[in-house]
Amino acid sequence: TAHKFQDDDLNMQQGAGEVDLKDWQMTLYKGSGCVNADMISSSTTNIDGDVLFSNLAPGSYSVRETLQSGYLNTTTLCQNVTLDAGERCV
């Protein structure tokens, strides 16, 4: 699961009053660095700010959000993650 919210206080953590963002494009890649040749899937966030990438094997992945006009990112647009055996969320 990737999650997107409006980080009003720019602290990279969702706090009280910071709303979930719907309709943000998230793209999942195999391996680190969000390399286009390794794209697995792409989807948009739901009303809760979530997008679910399912049926993933343990390993290294990266997720890139597409920055929308009028917004400022508080983290890098490409996030590297490692999914261990038995984990369900990225």
Side-chain angles (χ1 to χ4, degrees):
T1 303
H3 183 73
K4 181 67 181 167
F5 64 93
Q6 186 165 319
D7 192 9
D8 293 324
D9 60 9
L10 308 177
N11 72 347
M12 297 183 282
Q13 297 179 358
Q14 189 170 13
E18 293 181 328
V19 298
D20 300 322
L21 294 175
K22 180 183 176 198
D23 295 328
W24 279 69
Q25 187 75 33
M26 300 286 182
T27 305
L28 177 70
Y29 301 87
K30 179 69 177 163
S32 63
C34 298
V35 178
N36 284 335
D38 295 328
M39 188 181 95
I40 296 172
S41 179
S42 186
S43 189
T44 56
T45 56
N46 63 21
I47 195 166
D48 297 318
D50 296 328
V51 62
L52 175 65
F53 298 112
S54 57
N55 301 319
L56 300 176
S60 296
Y61 297 90
S62 50
V63 178
R64 176 184 300 279
E65 71 177 74
T66 301
L67 189 61
Q68 294 185 15
S69 178
Y71 286 87
L72 171 71
N73 58 308
T74 58
T75 62
T76 60
L77 295 177
C78 177
Q79 297 286 316
N80 296 321
V81 293
T82 300
L83 187 62
D84 293 324
E87 281 189 297
R88 296 187 54 143
C89 294
V90 176

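From a predicted model like this one, the values you see are computed outputs, not experimental measurements.
- In this structure, a donor-acceptor pair under 3.5 Å is present between the side chains of Asp20 and Gln14.
- Sorted by first and then second residue, the side-chain hydrogen bond (donor to acceptor under 3.5 Å, both in side chains) pairs involving residues 43-58 (not counting sequence neighbours) are His3-Asp50.
- Note: the hydrophobic cluster containing Trp24 also contains Leu77 (ILVMFWY, side chain heavy atoms under 4.5 Å, direct or indirect links).
- Atoms CD and CG, from Gln6 and Leu72 in turn, are 11.0 Å apart once rounded to the nearest 0.5 Å.
- Between Ser62 and Cys78, the closest side-chain pair of non-hydrogen atoms falls below 4.5 Å.
- A distance of 11.0 Å separates OH in Tyr71 from CD in Glu65, rounded to the nearest 0.5 Å.
- In terms of heavy-atom proximity, Cys34 sits nearest to Arg64 at CB-NH2, 3.4 Å.
- The environment of CG in Leu10 is crowded: more than 12 heavy-atom neighbours from other residues, nucleotides or ligands sit within 6.0 Å.
- Clustering ILVMFWY residues whenever any of their side-chain heavy atoms sit less than 4.5 angstrom apart, transitively, puts Val81 in a cluster other than the one holding Met12.
- Scanning all heavy atoms of the two residues, the minimum distance from Phe5 to Glu18 falls at CE1-OE1, 3.9 Å.
- In this structure, the separation between CG on Asp23 and OG1 on Thr66 is 12.5 Å, given to the nearest 0.5 Å.
- A donor-acceptor pair under 3.5 Å is absent between the side-chain atoms of Gln79 and the main chain of Val63, judged by distance alone.
- Using a 4.5 Å heavy-atom cutoff, the side chains of Leu56 and Tyr61 are in contact.
- A donor-acceptor pair is defined here as one N or O able to donate and one able to accept, closer than 3.5 Å; no such pair exists between the side chain of Asp84 and the backbone of Pro58.
- Identified under the ring pair (Phe, Tyr, Trp, His ring centres under 6.0 Å) test for residues 25-48, with sequence neighbours left out: none.
- Residues Asp7 and Asp9 meet the side-chain proximity criterion, which asks for heavy atoms closer than 4.5 Å.
- Rounding to the nearest 0.5 angstrom, the gap separating the CG atom in Leu28 from the CD1 atom in Ile40 is 4.5 Å.
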